[in-house]
Amino acid sequence: MKNNASPSGSNDDIIIIENVHKKFGRVIALTDVSLTVKRGEVCLIFGPSGGGKSTLLRCINHLETVDSGRIIVDGIPLTEAKENIDQVRAEVGIVFQLFHLFPHLTSLENVTLAQKVVRKRNPEEAEEIARALLERVHIPEKADAYPGQLSGGQKQRVAIARSLAMNPKIMLFDEPTSALDPEMIKEVLDVMLDLCEEGMTMVVVSHEMGFAKAAADKMVFLSDGRIVEEGSVQEIFENPKTPRTRAFLDQILS
Amino acid sequence: MGVTTEVKRKRPGLIPWGGDLSRLPWWVLVVLLVFTAGVYAILTNRHWEAAFEFALTGVQLTLILSLSSFGIALVVGLLAGLGQLSRNIVFRNLSMLYVQVIRGIPIIVQLYFVAFVIMPVVVDAINNFGGTLQAIEPLTNFGISLANLELRDIKMMYRAIGGLAVAYGAFEAEVFRAGIESIERGQMEAARSLGMNYVQAMRHIILPQAIRVVLPPLGNDFISMLKDSSLAMVLAVRELTQVSQLHRARTFRSWESMGTAALLYLMLTLSLSFLVKSMERRMAVEK
Ligand SMILES: Nc1ncnc2c1ncn2[C@@H]1O[C@H](COP(=O)(O)OP(=O)(O)OP(=O)(O)O)[C@@H](O)[C@H]1O
Ligand SMILES: [Mg+2]
């Protein structure tokens, strides 16, 4: 099986990141980042702007390639398996800060397209799945609306449904609520909490500390491309090891 | 100092121009007058009538010439436009080379080049290919007909279409490239992260959005193509300009023959540009 490819880590480690380095020209985005995420775990990444959070997330589904180190997703080493990239990507859903819905397609079509094109499901099956998912994110009535006719919170929920339609094993969220008006944040976080309850493995970049307390199994403080601190919610909030973590938390909690 | 000028805002009234005569599109009126005068002349004056009837025989070729050249140019342009954005070095550089070289040469030179330099080479190649085919049993007859193809069998009309298509393919490549580049990067990333490959993402996500962006510039380029199809007269293709020129040479009625040609071109181009304008307006509303 494909798990032979990963000598390190147990079968439970669905994401293994080992000594990853990444530069954009002269700008160092990630230095020597290592992190493992277990099946079913919710890992919350936080840290100052420009710290490399998005870059790390984008490396996990190969939207960015790493300069050195390796990333193994569900037993498939990304760096070596170029031909498996599309396969890995279909297993890993990502939700962006700015949604990136397809504006020329309705909500329903946004959710069915990749099912038909990538998963080769027939149109009826894809539509059935899509409607069920829109129901699950609480906007079945917006199936025929175009993204331009939706509020930010609704767009983000369609985006989540679009990713879920591929039956991903992992969901990545890159600041999913930071472009939203306050009254819409909750509706998106609620959907994410549901997902977490269903046992989805999630890596979430967010500064919503309420969500962190409710859902996160592990928190990672990323700053200047390094993992400064990693620990359980309790450890991070009550007993941060570094003053920088404490200072950053004070700043965002105030 | 101290002088306050009150600016009264005009309310939009029943008349679209707010009753302000200076904002009326007077030029449209002039065009309509000229058209009316032209039609009147054609109906009442036999010299104008003769020029018009002769010119009409060229309009059809002008349309066929423009439409087929533009159709091929669209295909070539899409390929070269995608090529310019491709990560493949060979494909990208070939596309760049094509676009930059072609855009730097006058179309008329390209027409001569395609008609009298490229076509002979192509026909030679076809002849050789036919010669090879002849030896293969079931294809013998087909091979013979290819081997016997002569340069003069390729009508000037086809050579003109080839030349114009090559020239305009380079323009359309730039239009398509700009259109695709105008779609934000997140669209491609979202498509790829759903597991679509590059081709699927282009086909289902990027191109359908880019098409809306490029439609107006493509329309404008088609209008240019209509006018530039007149260059085919140097290859003696009997399109509108060529037949008008023939009529002029025959009858020495320059005013009538060139006047009719101009009117007919204007009729085509102005109505098309009206279409493009309304298309642009509709897209502006959608945004
Ligand atoms: N495509 C790129 N080209 C050049 N530099 C980049 C690119 N993407 C990211 N960077 C740089 O890499 C560093 C890390 O960026 P990243 O987007 O990962 O940070 P972040 O933690 O997500 O920040 P934010 O909270 O603002 O989203 C930054 O200095 C950024 O400017
Ligand atoms: Mg970011």
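These numbers were taken from a predicted model, which means no experiment stands behind them. Below, read A as the first sequence line, B as the second, and so on, with proteins coming before strands; counting in each chain starts at 1.
The choice from A:Q115, A:R162, A:E91 that makes the most heavy-atom pairs within less than 4.5 Å of chain B is A:R162. Ranked by heavy-atom pairs under 4.5 Å with chain B, the list A:L101, A:I94, A:V95 is led by A:L101. The choice from B:M196, B:Q187, B:E184 that makes the most heavy-atom pairs within less than 4.5 Å of chain A is B:Q187. Here A:V117 is the residue among A:N61, A:V117, A:L63 with the most heavy-atom pairs under 4.5 Å with chain B.
Summarising the local packing, CD1 of B:I89 is surrounded by 12 or fewer heavy atoms from other residues, nucleotides or ligands at distances under 6.0 Å. Atom CZ of B:F35 sits in a crowded spot, with more than 12 heavy atoms from other residues, nucleotides or ligands closer than 6.0 Å. Counting non-hydrogen atoms of neighbouring residues, nucleotides and ligands closer than 6.0 angstrom, the CD atom of A:Q149 exceeds 12 such neighbours. Sparse packing is recorded around OH of B:Y158, with 12 or fewer heavy atoms of other residues, nucleotides or ligands lying under 6.0 Å away.
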Could you walk me through whether A:R89 and B:L194 pass side chain to side chain contact (heavy atoms under 4.5 Å, CB included), step by step? CA-CA 6 Å; A:R89 284 191 177 134; B:L194 287 166; over 6 Å; no
Applying side chain to side chain contact (heavy atoms under 4.5 Å, CB included), run through B:I205 and A:L113 and close with a yes or a no. CA-CA 10 Å; B:I205 305 302; A:L113 180 66; 3.4 Å; yes
Going through the distances and angles, do A:F102 and B:I206 end up as a side chain to side chain contact (heavy atoms under 4.5 Å, CB included)? CA-CA 9 Å; A:F102 307 132; B:I206 307 299; over 6 Å; no
A:H62/B:R192 under side chain to side chain contact (heavy atoms under 4.5 Å, CB included): CA gap, chis, key distance, verdict: CA-CA 10 Å; A:H62 214 268; B:R192 297 304 299 271; over 6 Å; no
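Side chain of A:H104 to backbone of B:H204: a donor-acceptor contact under 3.5 angstrom is found.
Residues B:A190 and A:H100 share a closest heavy-atom pair of CB-O, 3.6 Å.
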